[in-house]
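Throughout, a chain's letter reflects where its sequence line sits, starting with A, and its residues are numbered from 1. No experiment lies behind these values; they were computed from the predicted model shown.
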Amino acid sequence: MPRETMAQKRERAAEVERRMFEVYGEGACSLDYTDPFRLTVAVVLSAQCTDAAVNKVTPLLWERFPEPADLAAADTAQIEEIIRPLGFYRAKAAKLKGLAQMSVSEFGGTVPQDIDELQRLPGVGRKTANCVMCQAFRDPQGIAVDTHVYRIAHRLKFCGPSANTPDKVEAALLKVYPREQWLYINHQWVHFGREYCRARNPRCSECFVADICPSAGKC
DNA sequence: ATCCCGAGGG
DNA sequence: CCCTCTGGAT
């Protein structure tokens with residue numbers, strides 16, 4: 001079997017993406033992403049818990065602390081009380097307060113449209129910054145390679161077997177996918193990785209890209 | 001029992 | 001690189 005050319009790989013990637021889009025849409029979670037500050041807060045809260053849980057809590061948060069300045073001045077115990085069901089609530093409460101404080105003192109009560117500046121905010125790491133750039137600003141700066149993206153990229157062979165670091169996998173993906181699609185990859189692949197392309201016991205027999213996946217049935 | 005759309009710190 | 005922080009869903 002001849003080695004796949006880059007053009008063929010891009011074509012296959014485009015087909016994968018088409019199908020992902022059918023199943024998961026833009027992948028934009030139901031978090032409120034119209035306001036960059038609120039989106040950032042919601043994404044920080046969403047670490048290690050479901051969007052549904054976050055969406056239950058954020059309305060209470062906005063009600064009690066309508067403006068970033070209110071959150072910046074808040075008593076962390078009050079924040080903790082509201083976000084407790086999400087888990088990691090002490091750390092998250094401290095992050096929210098710090099995030100709001102920096103937002104107010106350095107960014108006029110909003111959040112910067114810059115991947116590196118975003119990561120200076122307490123609680124905002126690479127993954128969250130990427131999410132904010134994509135969802136709030138529609139200005140993707142790359143793909144955040146977490147365990148899901150790493151695993152899926154390898155199984156679909158969108159990167160070579162020697163791509164053994166997140167940076168190498170990202171570099172490969174950026175070449176395979178056009179920039180407009182970087183917006184969706186993280187969101188869609190995370191859902192896909194949970195539902196089909198699981199780390200253990202992948203559901204290849206039911207997977208909607210199995211016919212164009214080189215690893216189908218081999219994981 | 002085990003896993004989760006992470007970040008920060010040692 | 002490894003650990004911790006926490007609750008909820010399955």
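With both ends at atom C1', the span from B:dC3 to C:dC5 equals 16 Å, rounded to whole Å. C:dT6 and B:dT2 have their C1' atoms separated by 15 Å, given to the nearest Å.
Using a 30° and 60° split on the angle between ring planes, A:W189 and A:Y177 fall in the perpendicular class, above 60°.
Of the candidate nucleotides C:dG7, C:dT6, B:dA7, B:dA7 has the atom nearest to the side chain of A:K127. Of the candidate nucleotides C:dG8, B:dG6, C:dT6, C:dT6 has the atom nearest to the side chain of A:R90. When distances are taken from the side chain of A:Q48 to each of B:dC4, B:dA7, C:dG8, the shortest belongs to B:dC4.
Atom CG in A:D51 sits roughly 11 Å away from atom P in B:dG6 (whole-Å rounding). In this structure, CG of A:L86 is placed 16 Å from C1' of B:dA7, rounded to the nearest angstrom. Look at CG on A:L45: it is 19 Å from P on C:dC5, rounded to the nearest Å.
Within 4.0 Å of A:G87, counting heavy atoms only, lies at least one base atom of the nucleic acid. Within the nucleic acid shown, A:F88 comes within 4.0 Å of at least one base atom, counting heavy atoms only.
When the nearest nucleotides of DNA chain B are assigned to A:A199 and A:T128 by heavy-atom distance, the more 5′-ward of the two goes with A:A199. When each of A:V190 and A:Q119 is assigned the nucleotide of DNA chain B bearing its nearest heavy atom, the one mapping closer to the 5' terminus is A:V190.
Between A:R151 and A:D146 there is no salt bridge, since none of the side-chain N atoms of the basic residue sits less than 4.0 Å from a carboxylate O of the acidic one. Residues A:R19 and A:E15 are paired through a salt bridge, judged by an N-O separation under 4.0 Å between the basic side chain and the carboxylate.
Distances shorter than 4.0 Å separate none of the side-chain N or O atoms of A:T50 from OP1 or OP2 on B:dC4. The side chain of A:R200 places an N or O atom within less than 4.0 Å of a non-bridging phosphate oxygen (OP1 or OP2) of B:dC3.
Between the side chain of A:R155 and the backbone N or O of A:C213, no donor-acceptor pair lies under 3.5 Å.
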